[in-house]
Protein chains: 2
Amino acid sequence: MPSGEAAIPHSPATLKLDGYLPYRLSVASNAVSRLIARAYEDRFGLTIPQWRLIAVLAEDGPLTQHAIGSRTVMDKVTVSRATQGLVKRSLVQRAPHDVDGRSHRLALSKAGARLYKEVAPVALEYEARLLQEFEPAAVAGLKQLLLHLERIAAELAAGDGAAASAP
Amino acid sequence: MPSGEAAIPHSPATLKLDGYLPYRLSVASNAVSRLIARAYEDRFGLTIPQWRLIAVLAEDGPLTQHAIGSRTVMDKVTVSRATQGLVKRSLVQRAPHDVDGRSHRLALSKAGARLYKEVAPVALEYEARLLQEFEPAAVAGLKQLLLHLERIAAELAAGDGAAASAP
DNA sequence: GAGATATAGTTTCATTTGAAACTATATCTC
DNA sequence: GAGATATAGTTTCAAATGAAACTATATCTC
């Protein structure tokens, strides 16, 4: 990490909670998550982890739980529990993994695929409403920024003073 | 809410989880919160609610718990617990509210103010690191967008089909 | 091929969270 | 000013979360 000199300060020298990024981010994310969680729960009986799992199976086809976890940034415990709920409702099918006896191959069932087709437009509609006042370019920029933040936060967390330069 | 016609779609007609705003937002926010939470906990023994409480008392001076809650978008239970912890460590002082017997006036103690002066630069440094690769304008835009999202999410949550037009 | 070590997934447990019930005080209506 | 109703803050309880221990299977090393 390049040492010392404070480059262009992006933040005022004095802290203002209202303009503090981690705060703004957390508050916005909570508000959105809460809205979405309620919608999925009320309309489809799905938790957010379950929804993510369905979405990723619909997009990428059959996956192991491990793959789902890394693909969707969810803990293995979270994935395990989401899976159990979905299997119980027969929205997801589990087959043994042919080459690895510890693992399973998860796939959407017919019913799961049908449900996905119902949920996806609702999901898109919520997103559209949330973003309706913004320029498409601004939205694209926001998403890029979020991805970037995520990466940097992970880097800082990994080597918070330690490994940062060496690959 | 204006009816029907789908204006300019900000989102593709097909859902891609990776580009789905609520997902990106949640993942980014979790990554940042986790980083920050660990930092505050390790270095200062503060939880995020406690940190928010200190920050807002430092900025705005004495407040009731209720005021802190609405100012920082925290549940009254969260504020209550954060307060208890801080009072126990004598970082915050509680005085009866002169006009309202149910309420209290919370203020930073000397020690609390000192701690704030230690934490604030660390907080700013984390923010600066998270944002170091971005243009100041992009950062300002992001914060605006987050505020906006928060407001819209709250509106949608309040009247999710119900009251939306009538004031 | 027999340990040793790693990985997929589950279970257990302790912590966090927030809704709902509760207590105490204010305010409003008659 | 006596209920009725609202509000500040706490406590209680149930659900969500994720770290750590655990089980079962793979892989690696000799």
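Just so it is clear: chains get the letters A, B, ... in the order the sequence lines come, proteins before strands, and each one is counted from 1.
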Contact check, side chains of A:T72 and B:V27, non-hydrogen atoms, under 4.5 Å: no
Any side-chain heavy atom of A:D100 within less than 4.5 Å of one from A:T64? no
Could you check whether the rings of B:F134 and A:H148 sit parallel, tilted or perpendicular, using 30° and 60° as the cut-offs? perpendicular
Rounded to the nearest 0.5 Å, how far apart are CD of B:Q65 and OG of B:S80? 5.5 Å
Give a yes or no on whether a salt bridge exists between A:R151 and A:E155, defined as a side-chain N under 4.0 angstrom from a carboxylate O. yes
Path from A:V73 to A:I36 over hydrophobic side-chain contacts below 4.5 Å: yes
Any residue meeting salt bridge (charged side-chain N to carboxylate O under 4.0 Å, His left out) with B:R24, in chain and number order, not counting sequence neighbours: A:E150
Between A:R34 and A:V79, which residue's closest nucleotide on DNA chain C lies nearer the 5′ terminus? A:V79
On DNA chain D, does the nearest nucleotide to B:R102 precede the nearest nucleotide to B:V77 from the 5' side, or the other way round? Give the residue. B:R102
Give me each pair satisfying side chain to side chain donor-acceptor pair (under 3.5 Å) with a member in residues 25-35 of chain B, each pair once, sequence neighbours excluded. A:R52-B:S26
How would you label the contact of A:T47 with the nucleic acid (heavy atoms, under 4.0 Å): base, sugar-phosphate, or nothing? nothing
Degree of bending, the helix from C:dG1-D:dC30 to C:dC30-D:dG1 (end axes from five pairs; round to 10°): 20°
Nearest heavy atom decides the nucleotide; on that basis, is A:K76 or A:N30 closer to the 5' end of DNA chain C? A:K76
Measure CZ/A:R81 against C1'/D:dT17 and give the value in whole Å, please. 7 Å
Mind checking A:T78 for me? I need base, sugar-phosphate or nothing, with any heavy atom below 4.0 Å counting as a touch. sugar-phosphate
Of all of residues 58-67 of chain A, which get a heavy atom below 4.0 angstrom from DNA chain C, listed by number? A:T64, A:Q65, A:H66
Quick one: does any side-chain atom of B:Y20 pair with a main-chain N or O of A:A123 as donor and acceptor, under 3.5 Å? yes
Mind calculating the distance between CZ (A:R38) and P (D:dA16) to the nearest angstrom? 16 Å
Which is the 5'-most and which the 3'-most nucleotide of DNA chain C that has an atom under 4.0 Å from a heavy atom of chain B? C:dT17 to C:dA26
State yes or no: do B:V119 and B:V87 share one hydrophobic cluster built from I, L, V, M, F, W and Y residues joined by side-chain heavy-atom distances below 4.5 Å, directly or via other members? yes
Give one of base, sugar-phosphate or nothing for B:H97, where a contact means two heavy atoms less than 4.0 Å apart. nothing
Under the side chain to side chain contact (heavy atoms under 4.5 Å, CB included) test, residues paired with A:T47 that sit two or more places apart: A:P49, A:Q50
Given that A:D75 and B:R94 both sit by DNA chain D, which one's nearest nucleotide is further toward the 5' end? B:R94
